[in-house]
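One structure is given below, encoded as structure tokens.
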Amino acid sequence: MDYFKRTRVADIILKEKVSVGQETIVMGWVRTARESSNVAFIDINDGSCMGNLQAVIDNPTNFPALKEIATGAAIRVAGTLVESPAKGQKVELAVKELQLLGKADNTYPLQKKRHSFEFLREIAHLRPRTNTFGAVGRLRSKIAYAVHKFYQERGFYYIHTPIITASDCEGAGDMFRITTLPLNQAPVLDGHIDFNQDFFAAETFLTVSGQLEAETAALALGDVYTFGPTFRAENSNTSRHASEFWMIEPEMAFCNLQENMQIATDFLKYLFKYALDECADEMNFFNSWIDKTVIETLTHVIESDFVRLPYTDAIKELEKAKVKFEFPVKWGIDLQTEHERYITEQVFKKPVIVYDYPKSIKAFYMRINDDGKTVGAMDVLVPKIGEIIGGSQREERYDVLKAHMEEKGLNLDTYSWYLDLRQYGTAPHSGFGLGFDRTLMYISGMANIRDVAPFPRVPRWAKF
RNA sequence: UCCCCUGUAGCUCAGUCGGUAGAGCAGCUGACUGUUAAUCAGCGGGUCGCAGGUUCGAGUCCUGCCGGGGGAGCCA
């Protein structure tokens, strides 16, 4: 094969690395083929970029392979790069050799026409060959790289927290069980399943968050981040929830809540700017075909100062609102989607960080403020989605944490290692979580999380 | 889990008052001297999600189940 001799389409039409007159080999998949008696055109896409390379065949009768070449076929073409006499493309390939590598017959499900995303989900193995899913795939890769780049440039260490866990990051939702016990005849002891006989000699689950483990790393390596899969067994049937999704969780030692907010702000702006700068073609595509406001929205966020608003003030804003909310507002409630969107879209019209939430509605590990009623939690709210980041300063005081855990009815034995962190060399520290797939939805304008994950897992769907 | 919508050709959909199945695209065949999701002509294509019920007769009305979408909750 000519793997090392082939030129990627991106290098030809985007980066213009090939000059006119040069002999070129291109391999890819046929998007459309148009044939008349004296000339044939084949649009080739090789996944390297949005655009296709137009291959031109001047004397179709000399290329019998053409008969079998239809949308979806994999082909190899060799020829000379020439200036295109027609509109639509700067350059094209004047074909000298044409080879069919893998044909696609008339059962190939992708048409030249637009398909519904619902249909494409059922052929998740073929949908990356469409413009939209090709663009999503490239964006996902680039943004994943940008995540690492942001933290690595700032001296953070990338840590791998366990995917199989025996502890529950409290409040983060239902978990998937991991077991090798036979489901129909699990060993029973005193009326309960005897997990001592299970593979790990303990009850184990798929992780819902790497945060608690990340804290152990932060209190040794200083600044760390996780970036990996997490799992929720919630029966959530919405366009924003998946049962398996990727999350980024930075954790910083010697960092308070306000400093945490600054990192969250810088991080979001960095990712959005990276998308606009490094995925320009894809972003233009999304802006034309998916959501005509995405570029404007991202640009606005990048240029905005994020408002920092204490929860108590947020409640005041909501109370003086003229709109009627489905969920009535009063101090102590958790903010609903409608409240979050009202604050960020109507009141401030830019990202808002709400912080110092009531203790009762937040998790046990959040640092209790001096008022005794609120904790150092923060949520970053952005227009169009609402909450995109949730984070907090962690409780570093042993006695306070222990009392809070007892108050919430947690099993101290399970978390003894977590309490140990406060027993030995404790330090103020903070962190937050950003859902990677949701970030991609925000950047691309794609409305359903099932369409930004290559193989989404949601209730009743784990195909491919 | 709750509320609303929806399921008809490979795809996107129409189908009126209950009267026996239709369009565009795709596909196939042919035409065409540079096309751009080419164009033009012709052709084939259906277990109307599944099961039951009402009726002389059901794609259409009713019940149940299953699938899909939107919104809410939970959350990221």
Side-chain angles (χ1 to χ4, degrees), chain A residues 30-43 45 51-60 67 70-72 82-89 92 94 104-123 126 130-131 169 171-174 208-211 229-249 289 325-327 334-338 340-341 361-363 379-382 385-391 432-442 447-453 458-461 463:
Chain A
V30 174
R31 282 294 172 81
T32 64
R34 298 174 289 277
E35 202 183 335
S36 62
S37 55
N38 291 326
V39 65
F41 302 93
I42 306 173
D43 284 337
N45 186 285
N52 304 325
L53 179 72
Q54 176 163 277
V56 186
I57 294 165
D58 272 329
N59 39 355
K67 281 205 179 67
T71 302
V82 297
E83 278 180 44
S84 178
K87 280 183 189 170
Q89 58 282 317
E92 59 192 26
D105 68 13
N106 60 19
T107 61
Y108 184 62
L110 294 173
Q111 307 170 12
K112 298 170 197 174
K113 210 180 80 173
R114 210 185 142 94
H115 289 91
S116 68
F117 290 151
E118 292 79 15
F119 169 68
L120 291 172
R121 268 172 224 152
E122 292 171 7
I123 49 167
L126 295 173
T130 63
N131 283 332
C169 191
D174 294 336
V208 291
S209 165
Q211 183 204 311
T230 47
F231 307 87
R232 304 278 164 91
E234 292 284 339
N235 188 15
S236 297
N237 294 288
T238 83
S239 53
R240 301 181 310 282
H241 290 81
S243 312
E244 175 182 313
F245 62 98
W246 281 55
M247 190 156 60
I248 302 136
E249 295 178 291
W289 298 99
F325 295 115
E326 191 190 336
F327 294 87
D334 203 356
L335 299 183
Q336 304 295 322
T337 303
E338 56 174 344
E340 293 175 342
R341 293 190 59 171
I361 58 170
K362 289 291 183 181
D379 286 345
V380 181
L381 315 180
V382 291
I385 284 202
E387 182 182 340
I388 193 168
I389 283 179
F432 60 84
L434 173 69
F436 184 60
D437 305 79
R438 281 193 188 170
T439 305
L440 292 177
M441 290 171 69
Y442 198 72
N448 197 311
I449 198 165
R450 294 168 180 87
D451 298 326
V452 295
V458 295
R460 297 185 302 280
W461 188 270
K463 287 183 194 165

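Sequence lines set the chain letters: A, B, ... in the order given, protein chains first and strands last, and positions in each chain run from 1.
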With distance as the sole test, does [X] use its side chain to make a donor-acceptor pair with the main-chain N or O of [Y] at under 3.5 Å?
| X | Y | result |
| --- | --- | --- |
| A:Q54 | A:F41 | no |
| A:E338 | A:E326 | yes |
| A:R232 | A:A242 | no |
| A:T71 | A:R31 | yes |
| A:S236 | A:T238 | no |
| A:E249 | A:G433 | no |

Using only side-chain N and O atoms of [X], determine if any of them is under 4.0 Å from OP1 or OP2 of [N].
| X | N | value |
| --- | --- | --- |
| A:N237 | B:C3 | no |
| A:R121 | B:G69 | yes |
| A:T337 | B:G73 | yes |
| A:S36 | B:U33 | no |
| A:Q89 | B:G34 | no |
| A:Q336 | B:G73 | yes |
| A:R240 | B:A72 | yes |

Considering only atom [atom1], compute the distance from [N] to [M] and round it to an integer number of Å.
| N | M | atom1 | result |
| --- | --- | --- | --- |
| B:G15 | B:G73 | C1' | 38 Å |
| B:G18 | B:U55 | C1' | 9 Å |
| B:A9 | B:A21 | C1' | 10 Å |
| B:G44 | B:C2 | C1' | 47 Å |
| B:C48 | B:G10 | C1' | 16 Å |
| B:U39 | B:U33 | C1' | 14 Å |
| B:U8 | B:G59 | P | 15 Å |
| B:G45 | B:C61 | P | 29 Å |

Roughly how many Å is it from [atom1] in [X] to [atom2] in [N], rounded to a whole number?
| X | N | atom1 | atom2 | value |
| --- | --- | --- | --- | --- |
| A:N131 | B:A37 | CG | C1' | 10 Å |
| A:E338 | B:A72 | CD | P | 9 Å |
| A:E234 | B:A72 | CD | P | 16 Å |
| A:R341 | B:G73 | CZ | P | 11 Å |
| A:R31 | B:U35 | CZ | C1' | 18 Å |
| A:F436 | B:A76 | CZ | C1' | 13 Å |
| A:D105 | B:G10 | CG | C1' | 12 Å |
| A:F119 | B:A9 | CZ | C1' | 13 Å |

Is there, by distance only and without an angle test, a donor paired with an acceptor across the side chain of [X] and the base of [N] below 3.5 Å?
| X | N | value |
| --- | --- | --- |
| A:S236 | B:C75 | no |
| A:E92 | B:G34 | yes |
| A:H241 | B:C75 | yes |
| A:R438 | B:C75 | yes |

Name the closest nucleotide to the [X] side chain, picking from [options].
| X | options | result |
| --- | --- | --- |
| A:S84 | B:U12, B:U35, B:G68 | B:U35 |
| A:N106 | B:G27, B:G34, B:A76 | B:G27 |
| A:Q54 | B:U35, B:A37, B:A76 | B:U35 |
| A:F245 | B:G73, B:G70, B:A76 | B:A76 |
| A:S239 | B:G70, B:A76, B:A37 | B:G70 |
| A:T238 | B:G70, B:C74, B:G34 | B:C74 |
| A:H115 | B:A76, B:C11, B:G67 | B:C11 |

Does any nucleotide pair with [N] by Watson-Crick or G-U wobble geometry, both distances under 3.5 Å, and what is it?
| N | result |
| --- | --- |
| B:C61 | B:G53 |
| B:U39 | B:A31 |
| B:U12 | B:A23 |

Base, sugar-phosphate, or nothing: which does [X] touch, judged by heavy atoms less than 4.0 Å apart?
| X | value |
| --- | --- |
| A:F117 | nothing |
| A:L110 | nothing |
| A:P109 | nothing |
| A:A70 | nothing |

* To do: Could you walk me through whether A:N45 and A:D43 pass side chain to side chain donor-acceptor pair (under 3.5 Å), step by step?
  => CA-CA 7 Å; A:N45 186 285; A:D43 284 337; over 6 Å; no
* Asked: Any stacking of A:F41 on B:G34, going by centres under 5.5 angstrom and planes within less than 30 degrees?
  -> no
* **Most 5' of A:G433 and A:A447 on RNA chain B, judged by nearest nucleotide** =>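 Whichever sits nearer the 5' end wins; that is A:A447.
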* Asked: Which heavy atom of A:P85 sits nearest a heavy atom of A:E92, and at what distance?
  ->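 Answer, listing the atom of A:P85 first, then A:E92: CD-OE2, 3.5 Å.
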* Kindly compute the distance separating CZ (A:F245) from CZ (A:R438), expressed to the nearest 0.5 Å. =>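 One gets 7.5 Å once the value is rounded to the nearest 0.5 Å.
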